[in-house]
Number of protein chains: 2
Amino acid sequence: MTNRVRRTMPILPISIVMQLTDLTARQIRYYEEQKLISPARTEGNKRMFSLNDVDALLEIKDYLEQGLNVAGIRKLYETKEMPQNDQAEPKTLSDAELRSLLREEMKHQARPFSQASQRHGDLSRFFK
Amino acid sequence: MTNRVRRTMPILPISIVMQLTDLTARQIRYYEEQKLISPARTEGNKRMFSLNDVDALLEIKDYLEQGLNVAGIRKLYETKEMPQNDQAEPKTLSDAELRSLLREEMKHQARPFSQASQRHGDLSRFFK
DNA sequence: AAACAGATGTTAGATTTTCTGACATGACTT
DNA sequence: AAGTCATGTCAGAAAATCTAACATCTGTTT
């Protein structure tokens with residue numbers, strides 16, 4: 001009958017996002033505090049999440065499970081999101097930074113990045 | 001990236017459903033009271049709606065705007081939903097009942113039913 | 001016209017959900 | 001041992017939602 005959700009529309013309260021992601025409210029709020037996500041707010045200041053937010057959270061969860069830390073994930077996003085961005089200097093990861101990220105990952109015997117970015121645990125669990 | 005929502009999963013609070021349907025909380029609760037919808041409840045008794053619920057509400061809204069009343073819509077659903085149902089006697093509309101529904105609709109210079117059921121205002125407004 | 005019925009508005013009081021901020025804790029690093 | 005990171009937990013405040021009751025508006029019936 002319908003379709004593809006307008007994925008940026010804030011429609012989900014935190015309680016539902018908790019269920020969808022298996023994250024605690026504490027974790028979700030922490031990731032926001034750490035600028036990994038920026039959910040919308042209602043007039044009354046309650047967080048309201050889009051499906052994109054949920055995807056992002058699942059991705060964050062995945063990276064964390066692979067041994068990356070929040071700072072590393074943030075850095076990853078900063079660079080990943082540069083391409084389309086109009087202003088904001090086209091910050092690239094220095095070689096040193098990249099190596100540092102890689103090293104971090106190595107420590108935890110995780111798979112190489114290419115794998116990570118095509119991870120499974122996205123919303124397809126809940127959609128069909 | 002993803003997909004088709006598992007449309008029966010209760011994920012939306014009433015505030016969002018109000019936005020999506022342009023109905024008031026009062027209307028939504030009334031339609032539930034009148035057994036046109038049966039949204040899920042949280043442990044704390046808050047209504048939580050699925051995308052199917054939203055579709056149903058848009059359909060209800062459409063029928064009401066066409067001059068049907070709640071009783072007529074309910075009857076319509078009772079018969080429409082019989083086919084797949086296991087128990088529940090295969091109640092059909094008597095000729096008299098059908099004529100009564102039709103007459104009701106006539107009064108309000110609405111289009112014939114066939115039109116109504118393929119109405120436009122479903123979630124495609126919000127999905128893409 | 002008065003009475004009635006159906007759908008919706010409005011308000012009040014109670015309960016649930018979410019919020020922020022603070023402090024606690026467990027696992028690693030250093 | 002001390003420090004850091006990610007998360008747990010708790011308290012108090014504010015927002016969102018609930019039910020129930022009564023009000024109002026629009027047609028319908030008598």
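In what follows, chains carry the letters A, B, and so on, assigned in the order in which the sequence lines appear, proteins first and then strands, with residues in each chain numbered from 1. All figures in this text were calculated on a predicted structure; none of them were measured in a lab.
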| task | Round to a whole Å and report the spacing from CG of A:L64 to P of D:dC5. | result | 14 Å
| query | Could you state the CD-C1' distance from A:Q34 to D:dT4, rounded to the nearest angstrom? | reply | 12 Å
| field | 4.5 Å side-chain heavy-atom contact, A:I37 and A:F49 | value | yes
| Rounded to whole angstroms, how far apart are CD1 on A:I28 and P on C:dC19? | 9 Å
| message | To check you understand the geometry: which heavy-atom pair defines the closest contact between A:K61 and A:T21, and what is its length? | response | NZ-O, 3.1 Å
| remark: Of all heavy-atom pairs linking A:P10 and A:M48, the shortest is CB-O, 3.5 Å
| said: I'd like to check B:R47 versus B:R29 (side-chain heavy atoms, cut-off strictly below 4.5 Å). Are they in contact? | reply: yes
| field | Among C:dG6, C:dA22, D:dC18, the nucleotide that comes nearest once only the side chain of B:N69 is considered | value | C:dG6
| message | Counting only side-chain heavy atoms from C-beta out, which of C:dG9, D:dT7, D:dT17 sits nearest to B:R26? | response | C:dG9
| Under 4.0 Å between a Lys/Arg side-chain N and an Asp/Glu carboxylate O for A:R7 and A:D55? | yes
| query | Which whole-number value in Å describes the distance from B:E33 CD to D:dA21 C1'? | reply | 12 Å
| A:L12 CG to C:dT18 P: how many Å, rounded? | 11 Å
| task | Identify which nucleotide among C:dT18, C:dG6, D:dT7 has an atom closest to any side-chain atom of A:R29, counting heavy atoms from C-beta outward. | result | C:dT18
| task | Considering just the side-chain nitrogens and oxygens of A:Y31, establish if one lies under 4.0 Å of OP1 or OP2 belonging to D:dT7. | result | yes
| request: Among B:L23, B:L36, B:I28, find the residue that satisfies the side chain to side chain contact (heavy atoms under 4.5 Å, CB included) test when tested with B:I60. | output: B:L36
| note | To the nearest angstrom, the OH-C1' distance between B:Y30 and D:dC18 comes to 19 Å
| request: In whole angstrom, give the distance that lies between atom CG of A:L23 and atom C1' of D:dA6. | output: 12 Å
| query | B:Q34 versus B:R74: any side-chain heavy-atom pair under 4.5 Å? | reply | yes
| said: With the threshold set at under 4.0 Å for non-hydrogen atoms, list the residues of residues 39-50 of chain A touching DNA chain D in residue-number order. | reply: A:T42, A:G44, A:K46
| request: Find the distance A:I14:CD1 to C:dT16:C1' and express it as a whole number of Å. | output: 15 Å
